[in-house]
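As a basis for the values below, the full set of heavy atoms in this structure was taken, side chains included, without hydrogen atoms, waters or symmetry mates.
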Amino acid sequence: MNASTLRQLWSLIENTQTNILLEVNDTELIQQLLKQLENQKLLSSEESKVIRAYISSRLPLIRDLAMLRRGCT
């Protein structure tokens with residue numbers, strides 16, 4: 001995954017509603033984020049696999065950041 005795609009993914013995560021980040025199950029959240037990214041950028045099947053694995057490995061961080069956002073609002 002290149003730096004541009006990584007920035008785009010984290011921007012997408014930051015702009016996703018907090019309740020979605022916290023309340024949907026892991027599989028749904030990964031699918032939603034990947035689908036949103038695919039709507040913004042054409043991804044090969046290999047890129048999709050890499051991004052899916054990356055999101056999966058970062059779910060605790062994504063949810064922790066969402067909890068912090070919820071606490072701040």
To the nearest 0.5 angstrom, please state how far the [atom1] atom of [X] sits from the [atom2] atom of [Y].
| X | Y | atom1 | atom2 | value |
| --- | --- | --- | --- | --- |
| Ser57 | Ile30 | OG | CD1 | 9.0 Å |
| Met1 | Glu46 | CE | CD | 11.5 Å |
| Asn2 | Arg7 | CG | CZ | 8.0 Å |
| Gln31 | Asp26 | CD | CG | 11.0 Å |
| Leu9 | Tyr54 | CG | OH | 6.5 Å |
| Ser56 | Ile62 | OG | CD1 | 9.0 Å |

Quick one: are [X] and [Y] in side-chain contact, heavy atoms under 4.5 Å?
| X | Y | answer |
| --- | --- | --- |
| Gln40 | Gln8 | yes |
| Ile55 | Leu29 | no |
| Leu43 | Lys41 | yes |
| Ile13 | Arg58 | no |
| Trp10 | Leu65 | yes |

Q | side chain to side chain contact (heavy atoms under 4.5 Å, CB included), paired with Gln32, selected from Ile20, Leu21, Leu12 | A |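 With Gln32 as partner, side chain to side chain contact (heavy atoms under 4.5 Å, CB included) holds for just one option, Ile20.
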(Q) Using the rule given for side chain to side chain contact (heavy atoms under 4.5 Å, CB included), can you reason through Val24 versus Asn19, listing the C-alpha separation, both sets of side-chain angles and the distance that settles it, and then say yes or no? (A) CA-CA 8 Å; Val24 299; Asn19 64 322; over 6 Å; no
Q) Closest heavy-atom contact between Asn25 and Arg63? A)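 Taking Asn25 first and Arg63 second, the nearest heavy atoms are C-NH2, 3.6 Å.
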Q: Can you see which heavy atom on Gln36 is nearest to which on Thr16, and at what distance?
A: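 So the minimum-distance heavy-atom pair works out to OE1-OG1, 3.9 Å.
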Q. In this structure, are over 12 heavy atoms from other groups packed under 6.0 Å from Leu42 atom CG?
A.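 Counting other residues, nucleotides and ligands, CG of Leu42 stays at 12 neighbours or fewer.
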Q. Arg70 and Thr18: side-chain donor and acceptor closer than 3.5 Å?
A.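 Checked: Arg70/Thr18 side chains show no N/O donor-acceptor pair below 3.5 Å.
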Q) Do we see a donor-acceptor contact under 3.5 Å between the side chains of Ser48 and Glu38? A)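 Note: Ser48 and Glu38 side chains meet the donor-acceptor criterion.
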